[in-house]
Amino acid sequence: MTQPGEFYQRDRTIQPPAFTPDYKTSVARSPRYSMISLQNSVSEITGPRFGHSDIDAGDNDLLTNYAKAGESPIGERIILHGRVLNENACPVPNTLVEIWQANAGGRYRHKKDTYLAPIDPNFGGCGRTLTDENGYFFFRTVKPGAYPWRNMVNNWRPAHIHVSVFGSGFVQRLITQCYFEGDPLIPICPIVQTIPDPDAIEQLTAKLDLNATIPLDSIAYKFDIVLRGRRSTLFENRLEGN
Amino acid sequence: MPQELAYLKESASQTAGPYVHIGLAPGAAGFDIYRQELGHDITGPNAKGERIRVEGRVVDGMGAPIKDVLLEVWQANADGHYAHPEGGGDVEDGFRGWGRVISDFDTGEWSFETVKPGTTKGRNVSMQAPHLNLWIVARGINIGLNTRMYFGDEAQANAADPVLNLIEWKHRRATLIADRSEASGLPVYRFDIQLQGENETVFFDV
């Protein structure tokens with residue numbers, strides 16, 4: 001019996017390890033035994049699917065999805081857009097992308113966030129969308145602010161947007177963070193620096209995309225997300241990985 | 001120019017952080033924004049099979065329950081089919097087989113209701129014992145942790161399960177098997193996940 005096209009083994013050399021003592025919270029929350037490596041079964045190659053009945057069209061517009069009528073959140077208006085691709089450089093269509101972030105002052109709308117910067121009454125801080133048939137997605141939002149956090153005494157998170165993506169198989173499930181080109185806090189952030197590979201950090205850094213800006217309205221950043229790729233079953237009539 | 005392999009690299013994971021609720025469970029963060037939050041209904045109204053409740057905590061290396069954890073479950077229906085084109089067969093209308101749950105901010109307890117899945121095809125000719133696939137993220141977890149929950153009342157199927165049998169240390173297999181009890185007429189499976197320490201749960205590199 002031919003096996004289904006499996007996902008490529010995860011490249012752990014570009015992924016943060018579990019135990020990263022400079023990010024102190026990881027110390028007690030990191031498994032110490034080796035993971036058991038599993039070849040894919042049906043449990044791994046399948047994953048949940050979402051459709052347009054699950055979300056609303058305006059869910060990807062953080063400028064309006066929580067604002068009072070006629071009002072806007074405070075901050076630098078941005079478009080965050082890009083594609084979800086797999087490691088074969090093919091688009092991942094119809095997949096759910098969810099984001100969340102602090103407001104322009106660096107404050108989250110969360111009952112556990114007590115930072116000095118104020119809540120913005122017109123900003124919720126979350127959005128979601130499905131990629132189109134080309135794997136493309138976009139959000140409108142404000143650029144989040146940097147904020148301090150308790151780790152070492154004086155640690156500041158670079159401006160970032162949290163991103164959650166599904167893909168087609170549950171082994172592609174990914175949560176990451178999108179940073180912004182030129183932020184001097186990126187190289188000194190203990191959370192960013194859990195990633196052992198400089199190119200992998202670069203890949204999480206959205207680039208200013210002047211062509212995609214809307215003149216006199218919003219500046220744009222491009223952020224492509226890569227999920228694990230899948231092997232082709234070359235000797236069948238179907239190229240599952242491609 | 002010699003041949004280049006034009007593969008891309010998977011994006012690096014980053015922690016979901018303490019405010020994951022804003023994006024994935026905004027009601028828990030303290031505000032109402034979406035028409036519907038996703039992941040509350042795993043089975044839909046038409047799912048066959050035994051209705052069950054699964055509950056537990058995720059415990060850190062100090063023995064303390066994690067109060068800002070988020071878990072996702074991916075499971076087959078009672079026939080052992082996943083809701084996916086390659087899932088092994090049809091599922092009931094409305095059955096998604098995916099759920100999302102967060103721990104209580106005070107106690108760290110989480111729970112969800114679903115149906116007990118059936119056996120699923122393993123690799124080659126093997127059959128996998130009924131199980132839930134779990135994915136765990138939280139502040140301090142740099143990359144989501146994958147594990148499986150098996151059912152304590154499926155001793156025979158568990159003994160033949162190809163994944164459990166991969167675990168060389170027999171006593172560690174027990175970390176993946178949830179005990180069954182009853183509460184208010186519903187079967188309850190208790191699954192405490194230990195991130196670290198003597199009884200560290202088995203995690204999978206999938």
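Order of the sequence lines fixes the chain letters, A, B, ..., with proteins taken first and strands second; residue numbering starts at 1 for each chain.
Interface check for chain B: of the options Val171(A), Ile195(A), Asp224(A), the most heavy-atom pairs under 4.5 Å are formed by Ile195(A). Among the candidates Ile14(A), Val27(A), Thr176(A), Thr46(A), the residue making the largest number of heavy-atom pairs closer than 4.5 Å to chain B is Thr46(A). The residue among Val59(B), Asn146(B), Asp60(B) with the most heavy atom pairs within less than 4.5 Å of chain A is Asp60(B). Across Val137(B), Leu5(B), Val163(B), Ile141(B), the residue that shares the most heavy-atom pairs under 4.5 angstrom with chain A is Val163(B). Per-residue heavy-atom pair counts under 4.5 Å with chain B were compared for Asp197(A), Asp113(A), Ile55(A), and the maximum is reached by Asp113(A). The most heavy-atom pairs under 4.5 Å with chain A, out of Gln75(B), Gln194(B), Glu168(B), Arg35(B), come from Arg35(B).
What you find for Glu98(A) and Arg100(B) is that their closest heavy atoms are OE1-NH2, 2.8 Å. In this structure, Ser37(A) and Leu166(B) approach most closely via the heavy-atom pair O-CD1, 4.0 Å. Of all heavy-atom pairs between Ile36(A) and Trp169(B), the closest is CD1-CZ3, 4.1 Å.
Side-chain atoms of Gln14(B) and Ile191(A), non-hydrogen and from C-beta on, do get closer than 4.5 Å to each other. Side-chain contact between Trp74(B) and Pro48(A) is present, with heavy atoms from C-beta onward closer than 4.5 Å. Considering only heavy atoms from C-beta on, Leu38(B) comes within 4.5 Å of Leu96(A) through its side chain. Using a 4.5 Å heavy-atom threshold, the side chains of Ser43(A) and Tyr82(B) count as touching. His84(B) is not listed as a side-chain neighbour of Phe170(A), based on a closest heavy-atom distance of 4.5 Å or more. At least one side-chain heavy atom of Gln128(B) sits under 4.5 Å from a side-chain heavy atom of Ser41(A). You'll find the side chain of Ser11(B) stays beyond 4.5 Å of the side chain of Leu227(A), heavy atoms only.
When heavy atoms are compared at a cutoff of 4.5 Å, Asp32(B) approaches chain A solely by way of its backbone atoms N, CA, C and O. Proximity to chain A is limited to the side chain of Val202(B), based on heavy atoms less than 4.5 angstrom apart. Heavy atoms of Arg12(A) lying under 4.5 Å from chain B belong exclusively to its side chain. Proximity to chain B (any heavy atom under 4.5 Å) is restricted, for Leu85(A), to the side chain, taken from C-beta onward. For a residue to count as touching a neighbouring chain, one of its non-hydrogen atoms must lie under 4.5 Å from one of that chain's; by this rule Phe223(A) does not touch chain B. Residue Ile99(A) touches chain B through its backbone alone, counting heavy-atom pairs closer than 4.5 Å. When heavy atoms are compared at a cutoff of 4.5 Å, Gln177(A) approaches chain B by way of both its backbone and its side chain. For Ala28(B), the part lying near chain A is the backbone, with the side chain staying farther off; criterion is any non-hydrogen pair under 4.5 Å. The contact between Val20(B) and chain A is made by backbone and side chain atoms together, counting heavy-atom distances below 4.5 Å. If you measure heavy-atom distances from Ala89(A) to chain B, the contacts under 4.5 Å come from both the backbone and the side chain. With a threshold of 4.5 angstrom between heavy atoms, Thr13(A) does not approach chain B through any atom at all. Heavy-atom distances place both the backbone and the side chain of Ala16(B) under 4.5 Å from chain A.
Taking non-hydrogen atoms and a 4.5 Å limit, the residue list of residues 158-165 of chain A in contact with chain B, ordered by number, reads His162(A), Ser164(A). Of all residues in residues 148-158 of chain B, those placing a non-hydrogen atom less than 4.5 angstrom from a non-hydrogen atom of chain A are Arg148(B).
Environment of CE in Met127(B): crowded, with over 12 heavy atoms of neighbouring residues, nucleotides or ligands closer than 6.0 Å. Residue Lys68(A) places its NZ atom among more than 12 non-hydrogen atoms of other residues, nucleotides or ligands, all under 6.0 Å distant. Within a 6.0 Å radius of CD in Glu50(B), more than 12 heavy atoms belonging to other residues, nucleotides or ligands are found. The number of heavy-atom neighbours closer than 6.0 Å to CZ of Arg83(A), taken from other residues, nucleotides and ligands shown, is 12 or below. When the shell of 6.0 Å around CG of Asp90(B) is examined, it contains 12 or fewer heavy atoms from other residues, nucleotides or ligands.
Note that the CD atom of Gln196(B) and the OG atom of Ser30(A) stand 5.0 Å from one another [nearest 0.5 Å]. Taken from CG in Leu145(B) to CE in Met35(A), the straight-line distance is 7.5 Å, to the nearest 0.5 Å. Here CD1 of Ile33(B) is found 7.5 Å from CG of Asp59(A). Values are rounded to the nearest 0.5 Å. Interatomic distance, Asn142(B) CG to Ile175(A) CD1, rounded to the nearest 0.5 Å: 12.5 Å. Atom CG in Asp54(A) sits 4.0 Å away from atom CZ in Arg96(B) (nearest 0.5 Å). Atom CG of Asn88(A) sits about 8.5 Å away from atom CG of Leu8(B), to the nearest 0.5 Å.
Between the side chain of Gln203(A) and the backbone N or O of Lys9(B) there is at least one donor-acceptor pair closer than 3.5 Å. Listed for the Gln101(A) side chain is no donor-acceptor partner under 3.5 Å among the backbone atoms of Gly23(B).
With hydrogens and angles left out, the side-chain atoms of Gln15(A) and Glu10(B) include a donor and acceptor closer than 3.5 Å.
A salt bridge links Glu72(B) and Arg173(A); the closest N-O separation between the charged side-chain nitrogens and carboxylate oxygens is under 4.0 Å. Contact check on Arg49(A) versus Glu86(B) returns no salt bridge, with no Lys/Arg side-chain nitrogen under 4.0 Å from an Asp/Glu carboxylate oxygen. In this structure, Asp205(B) does not pair ionically with Arg10(A), as no charged nitrogen and carboxylate oxygen lie closer than 4.0 Å. Using a cutoff of 4.0 Å between basic side-chain nitrogens and carboxylate oxygens, Arg123(B) and Glu6(A) are scored as salt-bridged.
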inquiry  = Between Trp100(A) and Leu24(B), is the side chain to side chain contact (heavy atoms under 4.5 Å, CB included) condition met? List the steps.
reply    = CA-CA 8 Å; Trp100(A) 68 100; Leu24(B) 306 188; 4.0 Å; yes
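Sorted by first and then second residue, the pairs that involve residues 3-37 of chain B and meet ring-ring contact (aromatic ring centres under 6.0 Å, His included), not counting sequence neighbours, are Tyr8(A)-Tyr7(B), Tyr66(A)-Phe31(B), Tyr108(A)-Tyr19(B), His110(A)-Tyr19(B), His110(A)-His21(B), His21(B)-Phe105(B). Among residues at least two apart or in separate chains, ring-ring contact (aromatic ring centres under 6.0 Å, His included) pairs with a member in residues 24-57 of chain A are Phe50(A)-Phe166(A), Phe50(A)-Trp98(B).
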